[in-house]
Each structure stands twice: as structure tokens, then as C-alpha cells.
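Here is the naming used below: chain letters follow the sequence lines, and residue numbers restart at 1 for every chain.
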Amino acid sequence: MPRGWSGAFDAPLPRSAYERPTRTVARALLGAFLVRREPTGDRVARIVETEAYVANDPASHAFRGPTERNRSMFSRPGTLYVYRIHQVHCANAVTRPGQAVLLRAAEPVVGRFPAPPRGPGRLCRAFDLARADDGLDLVTSDRLRIVPGPAPEETIVLAPRIGIRLAAERPLRFALSGNLWVSTPLPWPRVRRGAPAPGKEIGS
DNA sequence: AGCAAGATTAGCT
DNA sequence: GCTAATCTTGCTC
């Protein structure tokens with residue numbers, strides 16, 4: 001146990017928790033705590049929305065293999081992958097090689113945040129995550145980790161991912177139903193007439 | 001070397 | 001709902 005981690009949000013999610021099918025991890029991270037430890041105090045938020053970027057996924061940065069930008073996606077499970085898009089950053093937890101879970105939104109629990117962690121860009125601002133944090137190990141880091149939380153009482157819903165063009169219809173976005181910190185309201189706001197109802201419940 | 005597109009967000013109509 | 005901001009990545013020439 002690294003020095004400094006002796007408070008309430010100690011025990012990090014073990015590497016084995018990341019070394020599972022990406023969809024399983026995306027769902028399992030709901031209700032877990034993202035924890036940043038600073039000399040000034042902890043910042044803790046409960047993860048309420050994720051997206052899975054899986055193998056052979058045209059929307060994934062890893063689709064065309066390793067590059068300089070995405071090399072963290074091919075690092076160990078539990079590695080943090082941070083990239084820049086437009087003028088913001090987005091953070092992912094790496095699962096299996098070339099796959100990751102995008103952290104889209106979290107609910108503040110402890111500490112003050114520079115921005116509300118609602119939406120992937122704001123979540124990074126809330127935790128001061130930038131490209132310099134790319135490659136950090138969420139299992140062993142002194143600064144940042146994910147800690148298991150109680151099973152969510154909210155229903156978990158599955159919906160298409162946000163902001164992508166390729167494979168846009170695949171339901172790989174996971175969220176806690178009704179949670180106000182989810183970045184986009186569910187059910188899905190743009191629905192084709194005759195299309196299946198979005199926000200389908202997949203479990204309780 | 002140049003360039004089009006992007007896992008976003010804030011602000012305006 | 002729409003668009004600009006803003007800049008990096010990675011593909012193409």
C-alpha cells in the first residue's frame with residue numbers, strides 16, 4: 001500500500017477487475033469511486049456513466065493498431081489512457097489490449113471540484129487530468145485510483161455511445177438510470193420513429 | 001509537409 | 001439546434 005492511502009477510499013480495484021471483457025468492466029465501474037489524493041485532501045466521485053471501446057471497434061482509437069497517441073491502450077489492464085479532443089481531455093481505463101472504458105460522468109462525493117464531473121471533458125477538468133497523466137497505473141498510483149463502491153441501487157441502462165460517427169448504433173454506453181449526473185438525459189433524446197425504445201434496462 | 005476530422009463543450013439562435 | 005473554438009493525430013501526397 002503506497003504511503004498516504006490510509007483513509008476511507010484505500011483499496012484500489014485490483015488489476016484482475018480490469019482484465020475482463022470491456023463491457024463487463026464498463027458496467028462494473030458504475031458505482032465505483034474515482035479517487036484523487038492530494039496533500040490538500042481527497043477528491044472522490046462516484047462513476048455513473050461509462051462507454052466501452054472494444055476490439056474491432058471502428059469508433060475506437062485502437063482500431064488501426066498502436067500509434068503514439070493510443071499506446072497506453074496497449075499497456076497493462078488498469079492503465080489510464082488520456083487523450084485530447086478539441087480543447088479538452090478524456091480519460092479511459094484500459095481493460096484488455098487495445099480496449100478501454102471511457103469515463104463519461106461521475107457524481108461528486110468528497111472534496112471540491114474545479115468543474116462538475118458531468119461529461120468526459122469536464123470529468124477530466126474536475127480531476128485535473130491531462131495528457132501528462134496518460135499511462136498512469138490506476139492499480140498502483142499514489143495519486144489516482146478507482147475504488148470499489150456499493151452495488152448501485154439505480155437500474156443500469158444501456159444506450160448508444162455519444163459523439164461518434166462510426167459504429168454509432170452499438171449500445172456500448174452504460175449509465176445509472178435517473179442519475180442527474182449522467183451527461184446526457186436518458187432516454188436517448190434523438191430517436192427515429194419506429195426505432196426500438198432507447199435506454200433499455202439490462203438489469204437491476 | 002499539408003490537411004481533414006475528431007470518444008467535446010459553451011454559448012448563442 | 002447549431003456552430004465556433006482550437007490543436008493534435010494520423011493519413012495522404
Side-chain angles (χ1 to χ4, degrees), chain A residues 18 21-30 32 34 45 47-75 77-108 113-136 138 144 146 157-176 179-193 195 198-199:
Chain A
Y18 297 100
T22 303
R23 267 167 284 232
T24 302
V25 178
R27 185 174 170 175
L29 290 186
L30 297 178
L34 181 60
I47 297 168
V48 300
E49 183 186 1
T50 59
E51 282 177 1
Y53 287 85
V54 300
N56 293 318
D57 179 356
S60 170
H61 289 170
F63 183 59
R64 294 172 189 276
T67 65
E68 184 172 351
R69 171 174 67 163
N70 68 19
R71 67 189 162 77
S72 293
M73 288 187 76
F74 297 87
S75 191
T79 298
L80 185 73
Y81 168 49
V82 180
Y83 65 90
R84 182 177 185 139
I85 176 71
H86 295 272
Q87 63 269 54
V88 302
H89 295 276
C90 296
N92 302 251
V94 175
T95 60
R96 290 174 172 170
Q99 305 183 50
V101 174
L102 173 67
L103 305 177
R104 283 199 60 91
E107 172 182 359
F113 293 85
R118 185 175 188 274
R122 285 186 291 250
L123 184 145
C124 280
R125 276 177 50 204
F127 283 87
D128 288 317
L129 298 177
R131 180 64 176 173
D133 300 295
D134 178 60
L136 175 153
L138 290 165
L144 189 74
I146 296 176
V157 293
L158 188 51
R161 295 174 293 186
I162 289 183
I164 55 172
R165 298 178 57 103
L166 302 173
E169 74 292 345
R170 297 187 69 179
L172 292 172
R173 175 183 175 223
F174 297 77
L176 297 182
N179 189 289
L180 295 178
W181 291 89
V182 171
S183 65
T184 298
L186 295 170
W188 198 247
R190 306 278 273 188
V191 188
R192 288 201 319 269
R193 283 161 70 88

Q: Of all the heavy-atom pairs spanning A:Y18 and A:V94, show the shortest one and how long it is.
A: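 Here A:Y18 and A:V94 meet closest at CB-O, 3.8 Å.
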Q: Tell me: CZ of A:R64 to C1' of B:dG6, nearest whole Å?
A: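 So the two atoms are 13 Å apart, to the nearest Å.
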Q: First locate atom CZ of A:R161, then atom CZ of A:R104, and finally report the distance between them rounded to the nearest 0.5 Å.
A: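 Those atoms lie 11.0 Å apart.
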Q: What's the closest nucleotide to the side chain of A:N92 if the choices are C:dG10, B:dG6, B:dA7?
A: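 The answer is B:dA7, which lies nearest to the side chain.
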Q: Would you compute the distance between atom CG of A:D134 and atom CG of A:L129 and round it to the nearest 0.5 angstrom?
A: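 If I round to the nearest 0.5 Å, the distance is 11.0 Å.
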Q: Report the distance from atom CZ of A:F174 to atom P of B:dA7, rounded to the nearest whole Å.
A: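 Whole-Å distance recorded here is 19 Å.
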Q: Which atoms form the tightest heavy-atom contact between A:R118 and A:L180, and what is the distance?
A: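 A:R118 and A:L180 have their closest heavy atoms at NE-O, 3.2 Å.
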Q: More 5' along DNA chain C: A:H61 or A:R84, using each one's nearest nucleotide?
A: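 Of the two residues, A:R84 wins.
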Q: Take the protein atom CZ of A:R122 and the nucleotide atom C1' of B:dT8, then report the distance between them rounded to whole Å.
A: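 Checked: the CZ to C1' distance equals 9 Å.
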Q: Between the base of C:dA5 and the side chain of A:Q87, is there a donor and acceptor pair under 3.5 angstrom?
A: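 Checked by distance alone, the answer is yes.
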Q: Any idea which of B:dT9, B:dA7, C:dC11 is nearest the A:Y53 side chain?
A: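 Of all the options, the side chain of A:Y53 is nearest to B:dA7.
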Q: Can you tell me how far C1' of B:dG6 sits from CG of A:D57, to the nearest Å?
A: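 Nearest whole value for this atom pair: 15 Å.
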Q: Across all strands, who's sitting opposite B:dA7 as a Watson-Crick or G-U wobble pair, both distances under 3.5 Å?
A: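 Base-paired to nothing in any strand shown.
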Q: May I have the distance from A:L129 (atom CG) to B:dT8 (atom C1'), rounded to whole angstrom?
A: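 About 16 Å, once rounded to whole Å.
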Q: Take the protein atom OH of A:Y83 and the nucleotide atom P of C:dG10, then report the distance between them rounded to whole Å.
A: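 Taking OH of A:Y83 and P of C:dG10, I get 13 Å after rounding.
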Q: Contact between A:M73 and A:S60 at the side-chain level, heavy atoms closer than 4.5 Å - yes or no?
A: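 Yes, close enough: below the 4.5 Å cut-off.
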Q: Between A:R69 and B:dA5, is there a contact of a side-chain N or O with OP1 or OP2 at under 4.0 Å?
A: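 The answer is no; no side-chain N or O of A:R69 sits under 4.0 Å from OP1 or OP2.
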Q: For B:dT8, take OP1 and OP2 only and decide whether either is under 4.0 Å from a side-chain N or O of A:R104.
A: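 Affirmative; the distance criterion is met.
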Q: What is the separation between atom CD1 on A:I85 and atom C1' on C:dG10, rounded to the nearest whole Å?
A: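 Atom CD1 in A:I85 sits about 13 Å away from atom C1' in C:dG10.
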Q: Which part of the nucleic acid, if any, lies within reach of A:I164 when heavy atoms closer than 4.0 Å are counted: base, sugar-phosphate only, or nothing?
A: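 The answer is sugar-phosphate, as A:I164 gets under 4.0 Å only of primed atoms, P, OP1 or OP2.
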Q: Say you pick atom P in C:dT6 and the same atom in B:dG2; how far apart are they, in whole Å?
A: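 Each nucleotide's P atom is 23 Å from the other's.
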Q: What's the CZ-P distance between A:R165 and B:dA5, to the nearest Å?
A: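 So the CZ-P distance, A:R165 to B:dA5, works out to 8 Å.
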